[in-house]
Amino acid sequence: MNNIVFLNGQFLPSNKATVSIFDRGFLYGDGLFETLRSYKGKPFALGLHLQRLCEGCRTIGIPLKLNKKYLFQCIYKLLKSNGLLKTDAYIRLTVTRGVDYGSLAPFALSKPTVAIIVKPLHEKIGQYQQKGIRAIFLNNRRSLPHIKSLNILPNVTGMMEAHKRKTQEGIFTDGNKILEGTITNIFISDGNGIKTPPVSDGILPGITRRLVIEIAKRERIKVTEASLTKGELKSCREAFLTNSIMEIAPLVKMENKLIGTGQVGAFTRRFQQEYKHMPLKQIIP
Ligand SMILES: Cc1ncc(COP(=O)(O)O)c(C=O)c1O
């Protein structure tokens, strides 16, 4: 695929967009990323994603200066040059600490590398939303779980393990506690309220998770942020997974156990519909 990408202020065909072999993102995974979705040419919740990116940069000391309006224009231009204005699309922003010839601890303040790619949504997303996802438990965890770091080897191997076992997601655990998926946050429901692990358990503060909680509060649905056990997940009535690209996908089977009836629950459907209406109302918070 030779589409147009953004790299350090330039719009280039992807085969011409190259980063240095000394880039710390390549050498050490020293950087952060954001994935978000556009709806008919408009990036959704860009402000929230940039806020999380900037907080992550502050946490690990990457001196990133971002101009939201400029980035919005860059994304728009990318969507346009790739013929993705009339449809929904995947957007990824990658920031690394940049080129540095020093050692493990950065030698000097380098200029961050900033890249943006856009592409069509994965064809399976609709199927996941309609039919649901099967998942397995994973025994490992991510490091620095609160930031969206480029160091996601546990997520990569976790997703590979999930695919090997003919499922679509792996759920990180800490002993008997469940945390989050390799690319998703998790919610369970008893048909009256929703429950999700707290960020303090060591999960990514997902933007979609936050918006789902906002929807629940607005709809006067009880939200509980509390640690969840494997048993609670296996025996709950409904469960769903969230991320910016997939939005809300029902979780219908965990290992060998169906969740509820194994069908998409009414509560999950309700959240899916409410979320679908959101992007039209609230493009950039
Ligand atoms: C580990 C992990 N948890 C949760 C999420 C969901 O985050 P968001 O809703 O901001 O896309 C992601 C998204 O990629 C993720 O990688």
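For this chain, numbers begin at 1 and follow the sequence in order. Whatever order the structure lists ligands and atoms in, that order sets their numbers, starting from 1.
Close placement of the F271 and F267 rings is indicated, their centers lying within 6.0 Å of each other.
Residues P145 and G202 come closest through the heavy atom pair CB-O, 3.3 Å.
Contact residues of ligand 1 (protein heavy atom closer than 4.0 angstrom to a ligand atom; sorted by chain and number): R52, R142, K148, N155, E180, G181, T182, I183, T184, N185, L204, G206, I207, T208, T242, N243, S244.
Applying the salt bridge (charged side-chain N to carboxylate O under 4.0 Å, His left out) rule to E123 yields no partners; only residues at least two apart in sequence or on another chain are considered. The side-chain contact (heavy atoms from CB on, under 4.5 Å) test applied to Q168 returns Y128, I133, R134, not counting sequence neighbours.
Applying the ring-ring contact (aromatic ring centres under 6.0 Å, His included) rule to pairs touching residues 169-223 yields F187-F240, sequence neighbours excluded.
With salt bridges taken as basic N to acidic carboxylate O contacts below 4.0 Å, none links R209 and E180.
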